[in-house]
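The figures that follow rest on heavy atoms only: side chains count, while hydrogens, waters and symmetry mates do not. Just so we're clear, the structure is a prediction, and the values are computed from it rather than from any experiment.
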2 protein chains.
Amino acid sequence: MSLESIHIAIVEDDNEIRQTLTLIIDGSQGFSCKYAFPDGESAMASIPNLPVDVVLMDIDLPGMSGIEVTKQLKKKCPDLDIIMLTVQSDDDSIFESLCVGASGYLLKDTNPADLLVHIKEVFDGGSPMSSQVARRIINSFRIIDNPLSERETEVLKMLSKGLNYKEVAEEVFLSPHTVKTHIKNIYSKLHVNNRAEAIYKAIKQKLI
Amino acid sequence: MSLESIHIAIVEDDNEIRQTLTLIIDGSQGFSCKYAFPDGESAMASIPNLPVDVVLMDIDLPGMSGIEVTKQLKKKCPDLDIIMLTVQSDDDSIFESLCVGASGYLLKDTNPADLLVHIKEVFDGGSPMSSQVARRIINSFRIIDNPLSERETEVLKMLSKGLNYKEVAEEVFLSPHTVKTHIKNIYSKLHVNNRAEAIYKAIKQKLI
DNA sequence: GCATCAATCGCTCAAAGGGGGTATTTTACT
DNA sequence: AGTAAAATACCCCCTTTGAGCGATTGATGC
């Protein structure tokens, strides 16, 4: 079917897991796994010079973390696909990994057959993730609740674009005094005392 | 295996697709699909009173859009799982859907067998999405490039917490003059003229 | 019918912010 | 060795902002 195998590298400190994964993957039709590293430093040194398509990356490594390795590797090889394969399922690990350029995020309870499917998915431009991970990511988009009125939201959006009292007032055909009142109400609803904090909170809560 | 079927409702204006889907799903072991609606209004009116676990929602509907329907439905039934099933694969459709509370996002080229698997996934707390959709979402986390130095980033983060010149200066053991200089440099690098806009841009570009 | 809230407009004043400069030292890259 | 960038510190001047006040009108809800 495929003329070329997908070339995979593994970065994983646990000897047993690393060896098992290597054997399973390399033994499967269409997949080749000739490189495995027990730490980030050695992976960083070698992978950029190897013909590798996809990296399976653990997060909890001795020395530099898998997230840091991912960041550095993506800087050197932007087209390399890196799948995090880890037990860490906390939000921080997930979001940091995605921010530094991971293309997928799987938990270690993924069974070997699925793992191969997911590697293929990444290779084809997809982004496999364990269902719990996907739910975390999706939930991060949810709007909790919006205490601001429409007018207030409108004003806040303009502030975020850098407009001042007067400019906002002109834009929405209001007196600058009214704009000021709206802003004061915004601050009070968001429990902040200035513009910078208001915009920060508003964005974090997806209000603007 | 399972004592209870998963109860599904469909919102889809195309008669053929709606009927085909209904038949396929309702004919499958462990799945029940007794409700199907050709528009958002009728779905809104009925679904809150029906024993439904999962809704398959089209986006392009006559009258209110599937996204609007999702928003309203989730307000009334926060625990209802809604999977968008649509041809729309633009970023706006995807992100708006997730923001209003969709639990999954599948493209209409998903084959029926996979669809059933994905319905089960949602029912079990997962968030199925087509691989292209997943890649879009994951890419939205990527940092494009960061023109700010570490110090500048540190200062900007403090500004976003509502601190002023003096407070930042005390926090990082610097002269307020220096803090001001950093801030001026931040403005210049981000091409903005004030704090509000700086924080807005910085967050949008994932710099803080 | 009464309360609540959004939306509107107004005032004063001290504090903070932003634009324009200049300049030294340290670090980093080549 | 030389240049560039980052980090540090300081000056003047004017604008903007936020706090603390008060007030009216029109919806919306109970």
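Two residues, B:Lys166 and A:Ser175, neighbour DNA chain C, and the one matched to the more 5' nucleotide by heavy-atom proximity is A:Ser175.
In the helix from C:dG1-D:dC30 to C:dT30-D:dA1, the terminal helix axes, each the rotation mapping four pairs' C1' atoms onto the next four within five end pairs, subtend 80°, rounded to 10°.
One finds no side-chain N or O of A:Thr178 lying less than 4.0 angstrom from the OP1 or OP2 phosphate oxygen of C:dA7. One finds a side-chain N or O of A:His177 lying less than 4.0 angstrom from the OP1 or OP2 phosphate oxygen of C:dC11.
Ion pairing between A:Arg151 and A:Glu154 holds under the 4.0 Å rule for side-chain N and carboxylate O. One finds no salt bridge joining A:Lys161 and A:Glu171 here, because no Lys/Arg side-chain nitrogen approaches an Asp/Glu carboxylate oxygen to under 4.0 Å. The existence of a salt bridge linking A:Asp58 and A:Arg18 is excluded, since no basic side-chain nitrogen approaches an acidic carboxylate oxygen closer than 4.0 Å.
Applying a 4.0 Å cut-off to non-hydrogen atoms, the residues of residues 180-193 of chain B that approach DNA chain C are B:Lys180, B:Lys184, B:Tyr187, B:Asn193, listed by residue number.
Atom OH in A:Tyr165 sits roughly 6 Å away from atom P in D:dT17 (whole-Å rounding). Protein atom CD of A:Glu197 is 11 Å distant from nucleotide atom P of D:dG18, rounded to whole Å. Straight-line distance from the CD atom of A:Glu154 to the P atom of C:dA6: 15 Å, rounded to whole Å. We find that CG of B:Asn194 is positioned 8 Å from P of D:dT17, with the value rounded to whole Å.
Under a 3.5 Å cut-off, the side chain of B:Ser188 and the backbone N or O of B:Lys184 do not form any donor-acceptor pair.
Residue B:Leu174 has its side chain nearest to D:dT8 when only C:dG17, D:dT8, C:dG18 are considered.
Summarising the local packing, NZ of B:Lys189 is surrounded by more than 12 heavy atoms from other residues, nucleotides or ligands at distances under 6.0 Å.
B:Phe141 is linked by a ring-ring contact (aromatic ring centres under 6.0 Å, His included) to A:Phe95, counting only residues two or more places apart in sequence or in another chain.
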